[in-house]
Amino acid sequence: MESHGSSFSGLDSYFRALAQTPSRLARRACSVSTSHEEMSQVKARSGSVMQRTLRWYDLVGFGIGGMVGAGVFVITGHASRLRAGPSVVISYAIAGLCALLSSFCYTEFAVDMPVAGGAFSYLRVTFGEFAAFLTGANLIMDYVLSNAAVARGFTAYLGSAIGISTSKWRLVIHGLPDGFNEIDTFAVLVVLAITLIICYSTRESSLVNMLLTILHILFIGFVILMGFWKGDWKNFTQPANPNNPSGFFPFGAPGVFNGAAMVYLSYIGYDAVSTLAEEVHNPVKDIPIGVSGSVIIVTILYCLMAASMSMLLPYDMIDVDAPFSAAFRGESDGWQWVSNVIGTGASFGILTSLLVAMLGQARYLCVIGRSSVVPAWFARVHPKTSTPVNASAFLGIFTAAIALFTDLNVLLNLVSIGTLFVFYMVASALVYRRYVAIGTTNPWPTLSFLCSISFTSILFTLIWHFMPNGKGKALMLGACAVIAIAIIQIFHCIVPQARKPEFWGVPLMPWIPCASIFLNIFLLGSLDGPSYVRFVFFSALAVLVYVLYSVHASFDAEGGGSIGQKNGETTRESDESEDHNSFKV
């Protein structure tokens, strides 16, 4: 490629670059990198390296801390009262199994390519730069907005625990519109404090997270013990109102699966662990144990929490907004203090989930900076702390600014459409990477297969949510399931795998990633309209940024030799193997 000047050296240069946008899009949008490039020359753009100080138990702690936030205290009540009844215990077990299957997709990528970019890097080596940027931009925005809301939620839970109303420390500005007029300086201090911790050291961040997670688990254990002690086994089968459905499965099998779809949102958080892969001492051993172990432990905790809640009260008496604390708040024999203890435990859960999410968002932005689609300033790793200080500080200040005045009610809707979309893309990327070798394998059979599975999953989801109950609905759902199974089996028999993972791979390909694809599409169908509006808005904004800035910065970096351009070259497996051999112990 011929050398050219910077697209941003002046207005004339920029307007000339804009005139070449179609050709630059054609060259860069679908350009892919290799694992070898991501772990060598792309990573080198950060200057200093991130130290490999994390072990499997650190990842387990981060995984538990990221998943078990305050939301579980709320979402369990919603799922039991409105969807599944006492069988919410089974719903959590099913959702835990699905989360484990989805986490396998992240684990294979993280072991094969242990870099800090998470989903962004995985998509960049499969579907190209534009798909990676679109999903990465949505994911970072989700992180920032959710973290701002969680920080404000911390003040509410802490106030409940110590008996102080949030109105005492929130300043109301009457000149601002509702939802933007309550200034929460305490939430800002919490965000800035966590930002300082994650800037200082990942290892120290792990120690803080481990301490807070242990305290949180102790509080959860206390809640579980109190539930089994004060509860009654008859509440598993007998509602308070005899006119309501009774039994362990009051809403039948559909209720169990509807409940599983709702509580699955409580497992979101394991994806942030994959962004720490670059700082793991032995990725081949530590990442599978850390990610899978945390999901299994959290599943056990959730099932026990659901069981204890079902014993405390009949399902039709559960408070959907505060099921555990409300169960004790109504006690007249001196047990009201338990609700304050629950509020304290939830506060610890908020801090751990906030810390893990802020670690993850900074590493996403750092690796996006390495790819040159955002300024390379974000990619810098501080030589003394070995952390992405620039990305951490920028996103921390941005999050604090939003948390200061914006009341974002996302604790009832723990995950946005952007996160589920990324999970869907990662599962699809894993299938593509296993069955397509760039430059030697025809990608269209695999792409056609992914489109067919996605379309069948969308059809199943639409029928499930919008068609009235009856034999016709059951027949159509069954037909969709049979068609999907047939498509997967035909693909499995006809299309051979183009590559085998060298160290750790998802078993039962392509069944497990296809199950993850279906699950995430099914959950996408359960989100409300405003979530789709926000997703379209942020996606359009991301496309605009990519067209006006990112594609030109990426094109300049390619001209300067900082990054490559591969649309039809074979990946260098030998180079990847050499890179991986350094991780063996």
Side-chain angles (χ1 to χ4, degrees), residues 25 28-39 42-43 102-143 270-275 277-278 360-361 363-374 379 417-438 443 446-447 449-451 453-454 498-499 501 506 510 513-514 516-517 520-521 524 535 538-539 542-543 545-546 550-551 554 563-567 569 571 576:
L25 282 173
R28 294 302 312 165
C30 295
S31 63
V32 298
S33 62
T34 66
S35 297
H36 173 73
E37 290 172 345
E38 291 290 324
M39 294 188 295
V42 174
K43 188 164 69 173
S102 295
S103 70
F104 284 166
C105 300
Y106 272 85
T107 300
E108 179 173 326
F109 271 117
V111 170
D112 182 67
M113 190 172 56
V115 293
F120 175 83
S121 297
Y122 310 154
L123 294 174
R124 191 161 177 258
V125 300
T126 49
F127 295 140
E129 182 179 277
F130 175 72
F133 178 81
L134 181 63
T135 52
N138 266 288
L139 196 54
I140 287 178
M141 189 57 66
D142 280 348
Y143 269 121
Y270 60 80
D271 58 305
V273 177
S274 69
T275 66
E278 195 169 312
Q361 71 180 12
R363 279 144 186 81
Y364 273 119
L365 184 58
C366 172
V367 174
I368 293 174
R370 290 175 182 173
S371 68
S372 299
V373 290
V374 298
I417 189 172
T419 307
L420 288 174
F421 177 70
V422 172
F423 287 177
Y424 161 76
M425 291 293 290
V426 169
S428 301
L430 181 64
V431 175
Y432 187 86
R433 184 166 169 79
R434 280 282 200 102
Y435 288 89
V436 176
I438 299 174
T446 303
L447 290 174
F449 166 71
L450 291 173
C451 291
I453 288 298
S454 299
R499 68 188 301 274
V506 174
C514 286
S516 180
I517 289 172
N520 290 299
I521 289 177
L524 284 168
F535 176 72
F538 285 133
S539 296
V543 171
V545 171
Y546 185 79
S550 300
V551 70
S554 175
I563 58 176
Q565 190 267 347
K566 289 180 173 59
N567 286 315
E569 299 180 22
T571 56
E576 294 176 23

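- Residues Ser428 and Leu450 share a closest heavy-atom pair of O-CD1, 3.7 Å.
- Annotation: the span from Asp142 atom CG to Thr135 atom OG1 amounts to 11.0 Å, rounded to 0.5 Å.
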Give the C-alpha distance, both sets of side-chain angles, the deciding distance and a yes or no for side chain to side chain contact (heavy atoms under 4.5 Å, CB included) between Leu447 and Val436. CA-CA 9 Å; Leu447 290 174; Val436 176; over 6 Å; no
Test log, rule side chain to side chain contact (heavy atoms under 4.5 Å, CB included), inputs Arg499 and Asp112: CA-CA 12 Å; Arg499 68 188 301 274; Asp112 182 67; 3.5 Å; yes
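- The ring pair (Phe, Tyr, Trp, His ring centres under 6.0 Å) search around Phe120 returns none, not counting sequence neighbours.
- Distance check, rounded to the nearest 0.5 Å: CD of Glu37 to CE of Met113 gives 11.5 Å.
- No side-chain donor-acceptor contact under 3.5 Å links Glu129 and Ser371.
- Of the candidates Leu430, Val273, Asp271, Val111, Tyr106 forms a side chain to side chain contact (heavy atoms under 4.5 Å, CB included) with just one, namely Asp271.
- Atoms CG and CZ, on Leu139 and Phe538 in that order, are 12.5 Å from each other to the nearest 0.5 Å.
- Under the 4.5 Å side-chain criterion, counting only non-hydrogen atoms from C-beta, Thr446 is in contact with Val431.
- Applying the ring pair (Phe, Tyr, Trp, His ring centres under 6.0 Å) rule to Tyr424 yields no partners; only residues at least two apart in sequence or on another chain are considered.
- Annotation: side chain of Val32 is not in contact with side chain of Val125 (no heavy-atom distance under 4.5 Å).
- Closest of all the heavy-atom pairs between Val422 and Ala119 is CG1-CB, 3.4 Å.
- Side chain of Ser550 to main chain of Val373: a donor-acceptor pair is present (N/O by atom type, distance under 3.5 Å, no hydrogens or angles).
- Proximity of a side-chain donor or acceptor of Glu278 to a complementary backbone N or O of Val115 within less than 3.5 Å is not detected.
- Between Ala498 and Ala437, the closest heavy-atom pair is CB-N, 3.7 Å.
- Side-chain contact check for Arg124 versus Val367: every heavy-atom pair is 4.5 Å or farther apart.
- Note that CZ of Phe423 and OH of Tyr270 are 4.0 Å apart. Values are rounded to the nearest 0.5 Å.
- Atom CD1 of Ile517 and atom CE of Met425 lie 10.0 Å apart (nearest 0.5 Å).
- Taking the six-membered ring where the residue is Trp, the centroids of Tyr122 and Tyr432 are separated by 6.0 Å or more.
- Taking each heavy atom of Ala29 and Tyr546 in turn, the nearest pair found is CA-OH, 3.4 Å.
- When atom types are taken as modelled, the side chain of Ser31 and the backbone of Arg28 share a donor-acceptor pair closer than 3.5 angstrom.
- Closest approach of Pro513 and Val506 over heavy atoms only: CD-CG1, 4.2 Å.
- Using a 4.0 Å cut-off between charged side-chain N and carboxylate O, Arg434 and Glu108 make a salt bridge.
- Taken from OG in Ser35 to CZ in Arg433, the straight-line distance is 3.5 Å, to the nearest 0.5 Å.
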Which is it for Val545 and Phe133 under the side chain to side chain contact (heavy atoms under 4.5 Å, CB included) test, yes or no, and what are the steps along the way? CA-CA 10 Å; Val545 171; Phe133 178 81; 4.0 Å; yes
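- One finds no salt bridge joining Glu38 and Lys43 here, because no Lys/Arg side-chain nitrogen approaches an Asp/Glu carboxylate oxygen to under 4.0 Å.
- Smallest separation of non-hydrogen atoms from Thr126 and Ala429: OG1-CB, 3.4 Å.
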